[in-house]
Amino acid sequence: MLGSCSKDESPGQTENNLQAVQAQFCNNFQGPAAAYWNMANGIFLPLPEFPIIKNSGGRVTHNLQPLLSLEYPQGYTGSQITDSQTATLGLDILRNDNAVFFRWIPNSSVFGLSDFDAIMAREINTMFSVYGHSQGFEVICSRNESQQFESLLVNFNARLLRFGDFTGLVWVRSVLVPGLGSVNSAIQISAAPTAEFDARTLDTFLPFNFQLHVRPDGGGFIDEDGDGSPAHLDPDDNDPNVRG
């Protein structure tokens, strides 16, 4: 969740505001990466203004869903994710040196899943494969919680990891649909060299996340399922029966 104040702040005010932020659901971790972790967990972010891409390098738009669109910085490229078997539509954005990676999948469906951690493990392995990483990793922050929302079981699963010279944040929000045996998931991955993860949080990952809530045509906040609850407030913006 983002908070906006006056725009008459100095350019470094956003970074200053986030330096002392302590990660929730996590011990002894603070700074912009901790604030980004908190935002993934739905916690207020003390930002003086909405973050934007300041050196635009282009835009990637999914040809099957025009609202699935992200502007990216110079030195990056974007590509589409499509899997008809799992109704998966998404976007990958990769820096040209292959060192910074962002994935956004607003919906992917699987059947017969008995463990939400299986989806998390799959996405962590996806992140590792981008970097050719096959060794161990350190878990910095972890959260896996489920709650009933009306008739649905909603699970939020997140990991902040260090692996080799990189840090990655992976989160999955899943909804178990009763009677159908299907799990619908929203998935996000953000990864960068550990030495620059805070900086990429500020100039890349936070701007990406803000764009996810705003229509690329300037028409206000996205409401994917048309239930009157915009994406940044809706627990499941793919199901009109679930509202924020």
Side-chain angles (χ1 to χ4, degrees), residues 1-4 36 39-42 45 47 49-74 76-95 100-110 119 123 126-127 149 152 154-156 158 169-175 177 182-191 200-201 203-244:
M1 183 178 294
L2 301 177
S4 178
Y36 188 38
M39 189 193 73
N41 284 271
L45 249 178
L47 295 178
E49 60 183 347
F50 289 124
I52 61 173
I53 299 294
K54 296 182 179 179
N55 57 336
S56 178
R59 176 177 288 277
V60 56
T61 300
H62 203 289
N63 58 12
L64 298 179
Q65 174 51 273
L67 287 180
L68 184 51
S69 178
L70 284 173
E71 180 186 22
Y72 51 79
Q74 294 177 13
Y76 289 72
T77 55
S79 58
Q80 302 178 37
I81 305 167
T82 305
D83 185 339
S84 59
Q85 291 186 337
T86 58
T88 298
L89 301 178
L91 299 174
D92 280 346
I93 297 178
L94 185 65
R95 200 166 71 182
V100 180
F101 175 67
F102 182 83
R103 164 170 287 195
W104 169 236
I105 297 176
N107 186 69
S108 181
S109 300
V110 296
I119 303 176
E123 296 308 317
T126 294
M127 178 177 66
F149 193 91
L152 304 177
V154 180
N155 176 267
F156 179 78
L169 171 57
V170 183
W171 64 256
V172 180
R173 181 174 285 106
S174 299
V175 179
V177 181
S182 66
V183 176
N184 297 330
S185 299
I187 299 161
Q188 189 175 117
I189 301 174
S190 307
R200 298 296 76 79
T201 290
D203 65 19
T204 305
F205 299 144
L206 288 178
F208 283 166
N209 276 269
F210 173 63
Q211 290 180 66
L212 297 180
H213 303 317
V214 179
R215 294 173 57 97
D217 59 8
F221 287 102
I222 289 173
D223 178 12
E224 191 72 49
D225 55 15
D227 62 3
S229 183
H232 64 304
L233 300 176
D234 196 332
D236 182 5
D237 201 37
N238 298 294
D239 188 338
N241 297 311
V242 180
R243 300 177 179 86

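Starting from 1, each residue takes its place in the sequence as its number.
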Student: Where is the tightest heavy-atom contact between Ala191 and Met127, given as atom of each residue plus distance?
Tutor: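 The answer is CB-SD, 3.9 Å.
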Student: Apply side-chain contact (heavy atoms from CB on, under 4.5 Å) to Asn41 and list each qualifying residue two or more places apart in sequence or on a separate chain.
Tutor: Phe25, Trp37, Ile43, Arg143, Phe156
Student: According to side chain to side chain donor-acceptor pair (under 3.5 Å), who are the partners of Thr82, at least two apart in sequence or on a separate chain?
Tutor: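 Partners of Thr82 by the side chain to side chain donor-acceptor pair (under 3.5 Å) criterion, ordered by chain and then number, come out as His62.
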Student: Please report the shortest heavy-atom distance between Gly90 and Pro106, naming the atom on each side.
Tutor: CA-CD, 4.3 Å
Student: Report the distance from atom CZ of Phe205 to atom CG of Leu169, rounding to the nearest 0.5 Å.
Tutor: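 Atom-to-atom, Phe205:CZ and Leu169:CG are 8.5 Å apart.
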Student: Determine the minimum heavy-atom distance between Gly78 and Tyr72, stating which atoms define it.
Tutor: N-CE2, 3.9 Å
Student: Please enumerate all residues that pass side-chain contact (heavy atoms from CB on, under 4.5 Å) together with Pro73, with sequence neighbours excluded.
Tutor: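 For Pro73, the residues satisfying side-chain contact (heavy atoms from CB on, under 4.5 Å) (neighbours in sequence not counted) are Ile53, Asn55, Tyr76, Thr204, Phe208.
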Student: Can you tell which of Asn209, Leu212, Ile93, Asp92 makes a side chain to side chain contact (heavy atoms under 4.5 Å, CB included) with Trp104?
Tutor: Leu212
Student: What's the spacing between Trp171 CH2 and Met39 CE if we round to 0.5 Å?
Tutor: 8.5 Å
Student: Who passes side-chain contact (heavy atoms from CB on, under 4.5 Å) against Thr77, sequence neighbours left out?
Tutor: Asn96
Student: What is the minimum heavy-atom distance between Gln74 and Ser56, and which atoms define it?
Tutor: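 Residues Gln74 and Ser56, closest heavy atoms: CG-O, 3.4 Å.
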Student: What are the two closest non-hydrogen atoms of Ser69 and Pro66, and how far apart are they?
Tutor: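 Scanning both residues completely, I find the closest heavy atoms to be CB-O, 3.6 Å.
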Student: To the nearest 0.5 Å, what is the distance between OG (Ser174) and CG (Asn184)?
Tutor: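 Ser174 atom OG to Asn184 atom CG measures 8.5 Å (nearest 0.5 Å).
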Student: Can you measure from CD (Glu71) to CD1 (Ile52) and round to the nearest 0.5 angstrom?
Tutor: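 Here the rounded value is 8.0 Å.
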Student: Do you know which two heavy atoms are closest between Pro51 and Phe210, and how far apart they sit?
Tutor: O-CD2, 3.6 Å
Student: Partners of Glu123 by side chain to side chain donor-acceptor pair (under 3.5 Å), sequence neighbours excluded?
Tutor: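 By the side chain to side chain donor-acceptor pair (under 3.5 Å) rule, Glu123 matches no residue at all.
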Student: Could you tell me which residues satisfy side-chain contact (heavy atoms from CB on, under 4.5 Å) with Ile105, sequence neighbours excluded, listed by chain and number?
Tutor: Ile81, Thr88, Arg103, Ser108, Ile187
